Visitor: 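Pasting a structure here, questions to come.
On a predicted model such as this, the values are computed, not experimentally measured, just so you know.
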Protein chains: 2
Amino acid sequence: MREDLPIDVTHEVRDSCLCLHLQRAARAVGRRFDEALRPVGLSHGQFSLLISLNRPEAPRLGDVARLLGMDRTTLTANLKPLERRGLLTVSPDPSDRRGRRLALTPDGEDLLVQAVPVWRQTLAQLPPVDLLGGLAQLVGMAPETAGTPDGKAG
Amino acid sequence: MREDLPIDVTHEVRDSCLCLHLQRAARAVGRRFDEALRPVGLSHGQFSLLISLNRPEAPRLGDVARLLGMDRTTLTANLKPLERRGLLTVSPDPSDRRGRRLALTPDGEDLLVQAVPVWRQTLAQLPPVDLLGGLAQLVGMAPETAGTPDGKAG
DNA sequence: CCAATTTAAGTTGACTTCAACATATCTGTC
DNA sequence: GACAGATATGTTGAAGTCAACTTAAATTGG
């Protein structure tokens, strides 16, 4: 071990890094939901995405990306398997032809009807941690975390 | 909107899903660390991985995967870019030839010496949320996937 | 010692994630 | 109504993520 990189630094990161703890917890909880939802044929991310489309007006791609806190190009990629399976449609917005409206198909709705009880049960089986408020703070923290084109403007 | 899938379900998920909140926070915080570490040439996951190798004994692949709360095969994939860059080495364990020992190279240590101050500063700039205990609870819940929150030899 | 079992990793395929770059469309100004 | 800037999205390339399957080595039971 070099003296400019003592073991204490390793322990400091392990014990205090919010990023590491978040990633680990997100992976662990994500795996658990993936496992529960597997019989339905959805991953946890696909479930979140589909359920976010269940609303009176078909939302635009960018709005859904912001809601999910993900890069819009990630959402574009995530849409493809679901569109291929016929669970949602991507169609141009008539009032603004740059925009894309995302809508559930009847098949997508059917799958959600099956998935929602599984989701409820899986959530209920988690330990009763009280984290949502703190987690929400983190999502909003960066001035333009998820919404800015190419992370450049500001 | 179908009556077996009312908008209330959408709101229920949005407002109460620990999985969704975790993924969103993990993405947002991960992006922030990625941005801060970019000048050093590391992503947040690569930083966590490399720092976990900074210890007197080179750990085995499986132990590191447990420490990071990720699938072993994910770790195998994550090693490749770092090995290619000469930041770590993967070598067979002499005492158990199934095992692989992961070790930092001097170049990897040099990079960590640069990265640690950036990591400290980025962590200090986050809002002072108190989440680590709750997050650690979640990692331990899955019977076989997760490891113990500390990294020392289970 | 040998066969069965367990354990540690590798491989493959599908999907997820994001930055950088590129295109199409809208809005405001003149 | 052309033009500059802003907005919404697409494309590409590299990496991250995991389940299912496979291979290699250690351990256990006769």
Visitor: Is there a side-chain polar atom (N or O) of Arg97(A) under 4.0 Å from OP1 or OP2 of dA8(D)?
Guide: no
Visitor: Which residue, Gly62(A) or Arg27(A), contacts DNA chain D at a nucleotide closer to its 5' end, judged by nearest heavy atom?
Guide: Gly62(A)
Visitor: Can you find a donor-acceptor N/O pair under 3.5 angstrom joining the side chain of Arg72(A) to the base of dG10(D)?
Guide: yes
Visitor: More than 12 heavy atoms of other residues, nucleotides or ligands under 6.0 Å from CD of Gln125(A): is that the case?
Guide: yes
Visitor: Measuring to OP1 and OP2 of dT17(C), would you say a side-chain N or O of Arg31(B) lies under 4.0 angstrom away?
Guide: no
Visitor: So, is Gln23(B) close to the dT16(C) phosphate, meaning a side-chain N or O under 4.0 Å from OP1 or OP2?
Guide: no
Visitor: What's the closest nucleotide to the side chain of Asp96(A) if the choices are dG10(C), dT25(C), dG10(D)?
Guide: dT25(C)
Visitor: Would you mind reading off the distance between Met70(B) atom CE and dA19(D) atom P, rounded to a whole angstrom?
Guide: 13 Å
Visitor: 5'-most contact on DNA chain C: Gly45(A) or Thr73(A), nearest heavy atom basis?
Guide: Gly45(A)
Visitor: Looking at every strand, decide which applies to Arg84(A) at a 4.0 Å heavy-atom threshold: base, sugar-phosphate, or nothing.
Guide: sugar-phosphate
Visitor: Separation of His44(B) atom NE2 from dC18(C) atom C1', in whole Å?
Guide: 11 Å
Visitor: Please set out all donor-acceptor pairs under 3.5 angstrom arising from side-chain atoms of residues 113-120 of chain B, sequence neighbours excluded.
Guide:
residue   : atom : partner  : partner atom : Å
Arg120(B) : NE   : Glu12(A) : OE1          : 3.4
Arg120(B) : NE   : Glu12(A) : OE2          : 2.8
Arg120(B) : NH2  : Glu12(A) : OE1          : 2.9

Visitor: Tell me the interatomic distance from Leu75(B), atom CG, to dA19(D), atom C1', rounded to whole angstroms.
Guide: 16 Å
Visitor: Would you kindly say whether Thr105(B) and Asp107(B) are connected by a side-chain donor-acceptor distance under 3.5 Å?
Guide: no
Visitor: Would you call Asp34(B) and Arg31(B) a salt bridge, taking side-chain N to carboxylate O under 4.0 Å as the test?
Guide: no
Visitor: Within the side chain of Thr10(B), is there an N or O that forms a donor-acceptor pair under 3.5 Å with the backbone of Asn54(A)?
Guide: yes
Visitor: Think Ser43(B) has a side-chain N or O under 4.0 angstrom from the OP1 or OP2 of dG16(D)?
Guide: yes
Visitor: From CD of Gln46(B) over to P of dA14(D), roughly how many Å is that when rounded to an integer?
Guide: 14 Å
Visitor: Can you measure Leu42(A) atom CG to dA19(D) atom C1' for me and round it to whole angstrom units?
Guide: 16 Å
Visitor: Can you tell me the distance, in whole Å, between the CG atom of Asp34(A) and the P atom of dA19(D)?
Guide: 7 Å
Visitor: Can you measure Asn78(A) atom CG to dC18(C) atom P for me and round it to whole angstrom units?
Guide: 9 Å
Visitor: Check this one for me: any side-chain N or O of Thr74(B) less than 4.0 Å away from OP1 or OP2 of dC18(D)?
Guide: yes
Visitor: Tell me which of Ser95(B) and Thr76(A) sits closer to the 5' end of DNA chain D, going by the nucleotide each one is nearest to.
Guide: Thr76(A)
Visitor: Less than 4.0 angstrom from a charged side-chain N to a carboxylate O is my criterion; do Asp63(A) and Arg101(A) meet it?
Guide: no
Visitor: Classify the side chain of Arg98(A) and the base of dT9(D) as holding, or not holding, a donor-acceptor pair under 3.5 Å.
Guide: no
Visitor: Is Arg38(A) close enough to dC18(D) that one of its side-chain N or O atoms is under 4.0 Å from OP1 or OP2 there?
Guide: no
Visitor: Starting at CG of Asp71(A) and ending at P of dC15(C), how long is that distance when rounded to a whole Å?
Guide: 20 Å
